[in-house]
Number of protein chains: 2
Amino acid sequence: MSTKSESTEPKVLPVNFGLLVFPTFQALDAFGPLDILNLLSLDFPMNLSIIARTLEPVSTKPRDPSLNPLRSNFGESVMPTHDFTNAPPLDVLIIPGGYGVLADDLDPLLEFVRRTYPTLKYLLTICTGSWIAARAGVLDGKRATSNKNGWAMTKKIGPNVKWIAHARWVVDGNVWTASGVTAGMDSALAFVEEVYGKDQAQKIAREMEYERHEDPSWDPFAEKYNLPKDIE
Amino acid sequence: MSTKSESTEPKVLPVNFGLLVFPTFQALDAFGPLDILNLLSLDFPMNLSIIARTLEPVSTKPRDPSLNPLRSNFGESVMPTHDFTNAPPLDVLIIPGGYGVLADDLDPLLEFVRRTYPTLKYLLTICTGSWIAARAGVLDGKRATSNKNGWAMTKKIGPNVKWIAHARWVVDGNVWTASGVTAGMDSALAFVEEVYGKDQAQKIAREMEYERHEDPSWDPFAEKYNLPKDIE
């Protein structure tokens with residue numbers, strides 16, 4: 001059990017989770033953390049809402065033909081459970097990244113993030129999901145990270161964010177931002193450890209046969225892209 | 001480029017991929033390998049069919065109430081593109097695992113695996129997806145692995161399979177079987193390396209910021225469960 005779990009304060013655990021999806025989201029950004037939470041939900045009472053602009057299936061496929069030059073027909077569609085008008089109150093909002101984060105029709109989604117953030121216990125972003133949070137303005141003044149392939153754009157999209165390039169994930173208050181794609185799994189396991197205890201995080205990692213990175217500063221990818229050590 | 005890629009034989013790359021889904025499949029078993037292939041499909045022409053018994057959404061949620069004692073409402077639903085009667089010819093079939101693999105209503109799915117296997121270039125299973133392949137009889141006489149939490153059941157379900165406990169993944173002919181959940185990502189990257197070349201596998205791992213395990217015999221989880229070193 002973590003020190004926090006041994007506190008004499010009774011802890012109110014988050015119950016209502018929401019995943020935001022949009023066209024051309026990155027599948028593993030969403031399903032890495034979600035599958036960790038799927039396993040957690042067998043041990044704790046939890047609800048998941050999958051939230052999109054409409055209740056139509058949402059696909060990972062590129063909408064922009066220039067991203068799909070070979071005309072592959074390859075992608076997966078998930079079913080939303082709620083739209084932006086009827087999503088229930090949430091304790092935790094999860095925002096994946098993907099090529100879709102720069103779409104020019106995301107205003108309703110950004111507005112949803114903007115009005116939902118103040119009601120959350122926790123906000124979790126993965127990869128360029130941080131670009132959505134930054135576009136919504138909820139990262140302003142906060143320390144945060146993002147994927148490492150596209151760092152110049154990260155700084156451009158969130159000029160008022162304290163971006164940290166060398167990080168597997170960053171926690172600032174109730175905001176957890178993860179680096180690229182699989183970093184979301186390490187961030188999610190660290191979140192489980194913080195909120196539900198270390199035993200629970202280790203149990204889930206073992207069930208998934210996952211060798212987790214427990215050090216948030218572990219980041220060989222920042223080094224590959226030759227990114228700066230300091231806050232930018 | 002791998003040695004194989006440098007062969008003078010022109011290689012016919014697989015184009016048509018299929019993912020088999022069924023109620024209570026394990027999300028990351030599917031979406032780890034799939035997201036690797038999603039990225040690959042931007043560089044190679046590829047099609048994905050998601051195949052289930054019907055075209056209704058297929059959920060990861062437990063159907064068996066005993067698996068969900070706290071009555072969580074937590075899971076994700078994916079949209080099939082084909083059913084067992086109209087699935088197109090496939091080069092590669094991917095079978096995830098999950099609690100649903102032991103359901104007693106899988107006969108149509110097992111029959112689909114049985115009749116499809118002889119037409120495939122490659123069969124990939126992840127975690128207890130190997131139990132489905134074993135139940136269909138297509139692993140008989142082959143070396144294979146599975147997840148490490150449930151090894152006694154693995155042997156019971158496939159008494160004629162040469163199960164290898166200490167393995168992140170196992171290749172026997174055109175059959176690639178991965179160990180538990182995240183092992184599917186290492187197996188899928190090794191598959192990409194074998195078929196599309198090492199550069200491609202490394203590029204995708206870097207894009208996903210994933211520290212891959214390249215040694216198929218790496219398996220600390222077999223040691224945690226105290227499993228035997230030899231073929232069983």
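Naming: A, B, ... by sequence-line order, numbering from 1 per chain.
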Chain B shares the most heavy-atom pairs under 4.5 Å, among A:D43, A:N149, A:N68, with A:D43
Just by distance, do the side chain of A:S72 and the backbone of B:L42 share a donor-acceptor pair under 3.5 Å? no
Atom group of A:F221 that falls short of 4.5 Å from chain B, counting heavy atoms: side chain
Portion of B:K148 that has a non-hydrogen atom of chain A nearer than 4.5 angstrom: both
Surrounding OH of A:Y99 (heavy atoms of other residues, nucleotides or ligands, distance under 6.0 Å), is the total greater than 12? no
Okay, B:L37 and chain A: the region with an atom under 4.5 Å from a heavy atom over there is both
Among A:V181, A:V15, A:D29, A:L48, residue most engaged with chain B (heavy-atom pairs, under 4.5 Å): A:L48
Counting only heavy atoms not in A:N86, do more than 12 sit closer than 6.0 Å to its CG atom? yes
Heavy-atom pairs under 4.5 Å with chain B are the metric here; pick the option from A:R168, A:E211, A:E207, A:K61 that has the most. A:E211
Go through the steps to decide whether B:L39 and A:Q26 satisfy the test side chain to side chain contact (heavy atoms under 4.5 Å, CB included), and finish with yes or no. CA-CA 9 Å; B:L39 291 171; A:Q26 191 74 30; 3.9 Å; yes
For the residue pair A:E209 / B:N147, report whether a side-chain donor-acceptor contact shorter than 3.5 Å exists. no
Where on A:P62 is there a heavy atom nearer than 4.5 Å to chain B: the side chain, the backbone, both, or neither? side chain
Validation row: A:L28, B:M185 side chains within 4.5 angstrom (heavy atoms): yes
If you look at every heavy atom in B:P45 and A:L70, which pair is closest and at what distance? N-CD1, 3.8 Å
Within this structure, what is the CZ-OH distance for the pair B:R206 and A:Y225, rounded to the nearest 0.5 Å? 5.0 Å
Against chain B, label A:D186 side chain, backbone, both or neither, depending on which of its atoms sit under 4.5 Å from a heavy atom there. neither
Chain B contact via A:S179 - which portion, at a heavy-atom distance below 4.5 Å: both
When only heavy atoms count and the cut-off is under 4.5 Å, which of residues 73-81 of chain B reach chain A? B:N73, B:F74, B:G75, B:E76, B:S77, B:V78, B:M79
